[in-house]
Amino acid sequence: MPSKRRIAILGATGSIGQNALRVIRAHSDQLELVAAAGGSRIAPLAAIAQEFQLRQVGVFEPPIPPGELHGSFPAQTQVVTGMQGLIEIATHPDVDMVLIAVVGTTALLPCIEAIRAKKDIALASKEILVMAGEFIMPMVREHGVQLLPTDSEHNAIFQCLRDEPLRTVEKVLLTASGGRYLNTPVEQLASIPAEEAVLHPNWSMGQKISIDSSTMANKGLEVIEARWLFGLQPEQIEVVIHPQSIVHSMVQFRDGSLIAQLSPPNMSFAIQHCLLYPERACGIDATLDFSQCLTLEFQPPDQDRFPCLRLAFDALRLGHTAPAIFNAANEIAVSAFVEKRIGFLDIPRVIEFTLENLPILKPANIETIIETDQEARRISHQWTVS
Ligand code: NAD
Ligand code: MG
């Protein structure tokens, strides 16, 4: 890399964001953080602005009047707010690559504007492609930018594929830990509390993705994301339960060879791969240790135990607006579950109800998708309060 790659992070205070900061610190000879945004917590953002001497910082929902924010940040750091602020950061003239790591689809418009401004994208927010992959992927090609998958499974597939042509790919196998409830008796699932569902056995992650992992809606979202990232047909995507979370995904080629990517369950590997791509530098976390016994298990998923996964495949096959509806309904259902308004097993019920009560249409443009998202949120919210 001739000069430092200049990075902006949307979601810098979250689980992915914090791991990305560790990568940037360790590779400060090659990477420079120039701008960052977070939700509403000022203190951690101010610490990041101070440490990295940021040019711009974004507070999406400031807890104090925007005019009073600058007092919390270093003098040379420009403070921006709201959606316009996220877009300014994502399109900042001094930024080469934007890491998008905000929960849900909040960063959809900043992502689109970053692509238009010819920024390379490292994408952790899988929900964005689930909602609007049909429109974002052609934009990526049109503007000649890199869209690097940061989700560990898609990063694994990206590494396994290298430059192999799509026609040589038989299928991809997305691995899934199976989450916390892989072996819990089904009759106990109804009474699972949110405080427990948020605890993942292998990964340390944000609240929403942890609950999505418990229901396997997360794997469903990833299946749909894989379709757009790699141009696959629904029948070319398979999910395999792999409780150790060491094989992050696999690609089976037409000749029967299967290529896998392995690393410990730690997001720093995938994040570093994206931020330094195509360079490979020293990793920052412990690697696999083959001097110890290492057992890797694989089993097919139980679709009855995990209806969210079946619903995601249904949405993928239905296509058009169905994946956006699946995503929006899941987001509303997870919020309602966290707020104790619905039970764990109601999450797939909300999704199914919403999919059944909205027409599945071919979206004319991104605005149609945004309207569908809003409508799906309204219908699923009604379910959770009725
Ligand atoms: P998190 O809850 O830990 O962090 C989310 C971050 O987004 C925080 O910095 C929060 O302040 C910020 N944020 C929230 N709303 C915002 C807004 N409107 N504008 C700007 N910032 C906002 O979440 P996470 O686990 O880091 O996940 C982030 C995304 O990455 C999700 O889409 C998730 O699916 C994906 N992802 C996460 C992991 C993981 O290991 N955590 C792995 C793969 C993919
Ligand atoms: Mg993942």
Side-chain angles (χ1 to χ4, degrees), residues 8-22 35-48 56-63 80-90 98-111 121-131 148-158 174-179 198 200 202-213 216-226 229 239 242 245 247-249 261 263-271 273-274 327 330-331 334-335 338:
I9 304 179
L10 307 184
T13 55
S15 162
I16 291 284
Q18 292 294 306
N19 270 304
L21 296 182
R22 292 199 303 124
S40 55
R41 292 183 304 138
I42 292 179
L45 271 177
I48 296 169
Q56 202 171 45
V57 73
V59 190
F60 185 69
E61 283 174 328
V80 292
T81 58
M83 184 56 75
Q84 190 51 38
L86 289 191
I87 292 173
E88 277 187 50
I89 288 182
V98 185
L99 169 62
I100 302 183
V102 176
V103 191
T105 50
T106 305
L108 172 69
L109 294 179
C111 176
I121 308 285
L123 187 65
S125 306
K126 63 195 81 185
E127 296 92 340
I128 289 180
L129 284 188
V130 173
M131 179 176 169
L148 299 163
T150 311
D151 209 344
S152 55
E153 294 76 4
H154 307 81
N155 186 265
I157 294 167
F158 183 74
L174 271 96
T175 53
S177 68
V198 82
H200 196 280
N202 303 343
W203 299 90
S204 158
M205 308 184 287
Q207 186 183 59
K208 180 190 176 252
I209 185 174
S210 299
I211 291 173
D212 283 350
S213 298
M216 282 196 79
N218 180 53
K219 207 52 52 182
L221 294 169
E222 292 182 359
V223 164
I224 301 169
E225 186 188 19
L229 275 171
V239 171
H242 165 48
S245 300
V247 174
H248 295 298
S249 276
Q261 186 267 340
S263 54
N266 185 324
M267 287 305 293
S268 73
F269 294 96
I271 294 169
H273 182 260
C274 292
N327 176 64
N330 178 57
E331 206 171 309
V334 170
S335 301
V338 170

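Every number for a ligand or one of its atoms is a count from 1 in the order of the listing.
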Asks: With sequence neighbours left out, what residues match R22 under side chain to side chain donor-acceptor pair (under 3.5 Å)?
Replies: N19, D285

Asks: Check for a donor-acceptor pair, side chain of T175 on one end and backbone N or O of H248 on the other, with a separation under 3.5 Å.
Replies: yes

Asks: Passes side chain to side chain contact (heavy atoms under 4.5 Å, CB included), T106 versus L10? Steps please.
Replies: CA-CA 10 Å; T106 305; L10 307 184; over 6 Å; no

Asks: Run through ligand 1 for me and note each protein residue having a heavy atom under 4.0 Å from it, chain first, then residue number.
Replies: G11, A12, T13, G14, S15, I16, G38, G39, F60, L86, A101, V102, V103, T106, A124, S125, K126, E127, D151, M205, G206, I209, M267

Asks: What distance do L129 atom CG and T105 atom OG1 have between them, rounded to the nearest 0.5 Å?
Replies: 11.5 Å

Asks: Kindly indicate, with the supporting measurements, whether the criterion side chain to side chain contact (heavy atoms under 4.5 Å, CB included) is fulfilled by N218 and K126.
Replies: CA-CA 9 Å; N218 180 53; K126 63 195 81 185; 2.6 Å; yes

Asks: Step by step, work out the side chain to side chain contact (heavy atoms under 4.5 Å, CB included) result for V80 and I87.
Replies: CA-CA 10 Å; V80 292; I87 292 173; over 6 Å; no

Asks: Going by an N to O cut-off under 4.0 Å, is there a salt bridge joining E127 and K208?
Replies: yes

Asks: Within a strict 4.5 Å, meaning less than it, do heavy atoms of the L123 and H154 side chains meet?
Replies: no

Asks: Listing by chain and number, what protein N/O/S atoms are under 2.8 Å from the Mg ion (ligand 2)?
Replies: D151 OD1, E153 OE1, E222 OE2

Asks: Kindly write out the residues that satisfy side chain to side chain donor-acceptor pair (under 3.5 Å) with E88, not counting sequence neighbours, or none if the list is empty.
Replies: Q56

